[in-house]
There are 2 protein chains.
Amino acid sequence: MYPSSIRQSKMLERLRLQQFCNITELAEVFSVSDETVRRDVRQLAEMHLVRKVHGGVATLHETMESPFQKRMAEQREEKQQIAEICSELIPDGTTLMLDSGTTTSYVARSLAKHKDLTVITNSTDIAGILLPPSGNHVYMPGGEVRQDDGAIFGQSAVEYIRQFNVDWAIISVGGIDNQLNLTDYYPLESELSRAVIEQAQEVIVVADRSKFGRVGLAKICKMEVIDILITNPPIPSEISRELHSMDVRLITQSSQVG
Amino acid sequence: MYPSSIRQSKMLERLRLQQFCNITELAEVFSVSDETVRRDVRQLAEMHLVRKVHGGVATLHETMESPFQKRMAEQREEKQQIAEICSELIPDGTTLMLDSGTTTSYVARSLAKHKDLTVITNSTDIAGILLPPSGNHVYMPGGEVRQDDGAIFGQSAVEYIRQFNVDWAIISVGGIDNQLNLTDYYPLESELSRAVIEQAQEVIVVADRSKFGRVGLAKICKMEVIDILITNPPIPSEISRELHSMDVRLITQSSQVG
DNA sequence: CACAATTCCACAAAAATATGCAAAAATATT
DNA sequence: AATATTTTTGCATATTTTTGTGGAATTGTG
């Protein structure tokens with residue numbers, strides 16, 4: 001797609017040098033009214049050549065939030081609630097693994113009040129949250145740090161994880177299909193999650209309700225393998241029954257008063 | 001002056017260099033009211049791009065208190081200046097290693113504006129700074145994350161580092177003794193620094209003036225091995241002469257104009 | 001517990017944007 | 001070349017978004 005007029009091309013050219021310009025200035029430069037500039041800008045924005053902001057135009061690619069940050073914002077309330085419930089289950093002084101994910105990142109934030117934890121995680125975000133002077137020990141695998149979410153994957157990460165045995169595993173999932181299989185969107189992620197699950201006594205899955213019915217490319221494992229599923233209500237009673245028959249404890253509400 | 005979203009990205013940019021800023025200062029800088037800044041900050045905090053604290057805004061990656069935090073505050077101005085000079089030497093698109101340290105953490109903050117870097121570091125702090133959508137690649141060794149400064153040391157970290165060859169090594173030191181030997185306070189640190197030095201074409205040491213005459217327990221290497229030393233003036237002329245005879249380039253001032 | 005600083009909240013003012021419509025310009029048609 | 005048709009532009013007005021202000025509530029400090 002190309003700009004439909006000479007003026008629009010000149011606007012683009014101008015924006016390549018400055019990364020922002022307000023409407024009035026452009027109107028003066030091209031000696032047309034503000035309205036006309038707005039109409040041009042609207043078209044350019046529809047063609048995804050510029051970003052329209054209140055007060056003017058900006059180039060693309062300047063302030064885009066990463067997909068991870070977007071996902072952190074989605075279902076924030078629900079995730080925070082789930083995280084809070086999860087952290088109440090975890091006693092001080094225990095050992096645990098957390099895989100990378102938006103929900104587990106919220107769990108880490110809830111766990112920040114805990115003391116003397118030994119934490120193994122592949123997420124630099126989680127490591128950063130649980131590190132500060134809390135008496136915690138934090139262990140991480142090495143490798144390339146994924147730009148999107150600051151997580152580390154791959155064979156060596158999986159091998160690193162396997163060195164440890166912990167009391168708790170807390171994992172997030174990309175989706176839970178109708179047969180209650182746990183899935184992720186990338187094989188790298190599911191592989192790592194599986195490793196985490198195998199090294200722990202007690203396995204907790206944190207997943208907000210929107211995950212039900214979604215199916216990711218990469219299968220992690222069957223629901224049977226899990227000990228506790230934390231999610232938010234309401235949960236259809238047939239799912240609830242099925243979970244019970246699989247010996248999976250379903251938690252949707254804090255046991256705390258208040 | 002600027003629409004809110006542009007202002008917000010400028011705030012972010014500013015916060016990458018300082019790790020904290022109070023509301024009033026931002027309000028003055030952007031010539032808007034305190035309340036407007038608060039609204040911006042609230043939005044940024046909801047997007048998890050900054051941390052809101054009573055009295056102002058802080059970056060996410062600053063979460064450590066502790067001795068490290070204290071050392072970050074010491075000679076802040078000097079370290080920032082040195083960091084700025086250092087980042088001017090580094091072109092976009094290059095490969096580099098940074099070891100953990102307060103001065104290198106400032107270098108990372110200055111490097112945040114660079115694009116397409118390939119960075120290998122043992123500091124989660126530095127990884128977190130250089131990761132955000134910048135087109136950079138970041139690699140880290142695995143291991144226990146040291147509580148004090150979020151750094152990873154040990155044999156496996158050294159081995160990990162040795163896998164790579166890079167254009168630049170940027171290292172910080174604990175002290176520079178009177179024979180101009182570079183030293184650190186812990187053998188773990190010096191071992192890792194040595195590995196970093198050996199894998200790079202060009203080695204830069206960043207050390208503020210207060211490091212001269214201090215001696216750490218663990219020797220890193222002789223000054224001869226270094227290519228560039230960046231520090232702050234004034235430097236006694238006999239040291240300057242000695243460096244020259246060792247073929248070490250001494251830089252104490254930005255080459256930039258203005 | 002009080003004092004000061006900071007933040008939150010609600011409402012009004014200001015700035016920016018969208019919309020409908022008529023005039024002007026450009027283009028097409030005969 | 002004259003006229004009809006389409007497109008672009010500008011203006012007045014309605015709507016939306018952003019901003020500043022003055023209290024009320026909250027937080028940090030001694």
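These numbers were taken from a predicted model, which means no experiment stands behind them.
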Peer 1: Give me the one residue out of B:K10, B:R14, B:R7 that meets salt bridge (charged side-chain N to carboxylate O under 4.0 Å, His left out) with B:D40.
Peer 2: B:R7
Peer 1: For A:D116 and A:N136, indicate whether the former's side chain and the latter's backbone hold a donor-acceptor pair under 3.5 Å.
Peer 2: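 Pair absent, no side-chain N/O of A:D116 close to backbone of A:N136.
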Peer 1: Looking just at side-chain N and O atoms, do A:Y106 and A:Q80 make a donor-acceptor pair shorter than 3.5 Å?
Peer 2: no
Peer 1: Base, sugar-phosphate or nothing for A:V53? Non-hydrogen atoms, less than 4.0 Å.
Peer 2: sugar-phosphate
Peer 1: I want to confirm an ordering. Mapping B:S4 and A:R7 to their closest nucleotides on DNA chain D, which one lands closer to the 5' end?
Peer 2: A:R7
Peer 1: Using whole Å, report how far OH of B:Y2 lies from P of D:dT19.
Peer 2: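 It is 14 Å, rounded to the nearest whole Å.
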Peer 1: Any side-chain donor-acceptor pair under 3.5 Å between A:S33 and A:T36?
Peer 2: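 Distance-only check passes for A:S33 and A:T36.
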Peer 1: Given C:dT17, C:dT19, C:dT7, identify the nucleotide with an atom nearest to the side chain of B:R38.
Peer 2: C:dT7
Peer 1: Could you tell me how far apart A:D40 (CG) and D:dG10 (P) are, to the nearest whole angstrom?
Peer 2: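 One finds 10 Å between P of D:dG10 and CG of A:D40, rounded.
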Peer 1: C:dA18 C1' sits how many Å from A:D34 CG, rounded?
Peer 2: 13 Å
Peer 1: Would you please test B:S100 and B:D125 for side-chain contact (heavy atoms from CB on, under 4.5 Å) and show each step?
Peer 2: CA-CA 8 Å; B:S100 63; B:D125 184 48; over 6 Å; no
Peer 1: To the nearest Å, how far apart are A:E28 CD and D:dG10 P?
Peer 2: 13 Å
Peer 1: I'd like to know if B:R39 reaches the base of D:dG20 with its side chain such that a donor and an acceptor end up less than 3.5 angstrom apart.
Peer 2: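 Between D:dG20 and B:R39, which were checked side chain against base, a qualifying N/O pair under 3.5 Å is present.
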Peer 1: Nearest-Å distance, CD (B:E35) to C1' (C:dA10)?
Peer 2: 11 Å
Peer 1: To the nearest Å, give me how far apart CD1 (B:I23) and P (D:dT27) are.
Peer 2: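 Value for this atom pair: 16 Å.
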Peer 1: Using whole Å, report how far CZ of B:F30 lies from P of D:dT18.
Peer 2: 17 Å
Peer 1: For C:dT6, does either OP1 or OP2 sit under 4.0 Å from a side-chain N or O belonging to B:K52?
Peer 2: no
Peer 1: Do any side-chain nitrogens or oxygens of B:T36 fall under 4.0 Å of OP1 or OP2 in D:dT19?
Peer 2: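 Checking B:T36 against D:dT19: no side-chain N or O falls below 4.0 Å of OP1 or OP2.
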Peer 1: Once you round it to whole Å, what is the distance between C1' of C:dT7 and CG of B:L26?
Peer 2: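 In whole Å, C:dT7 C1' and B:L26 CG are 15 Å from each other.
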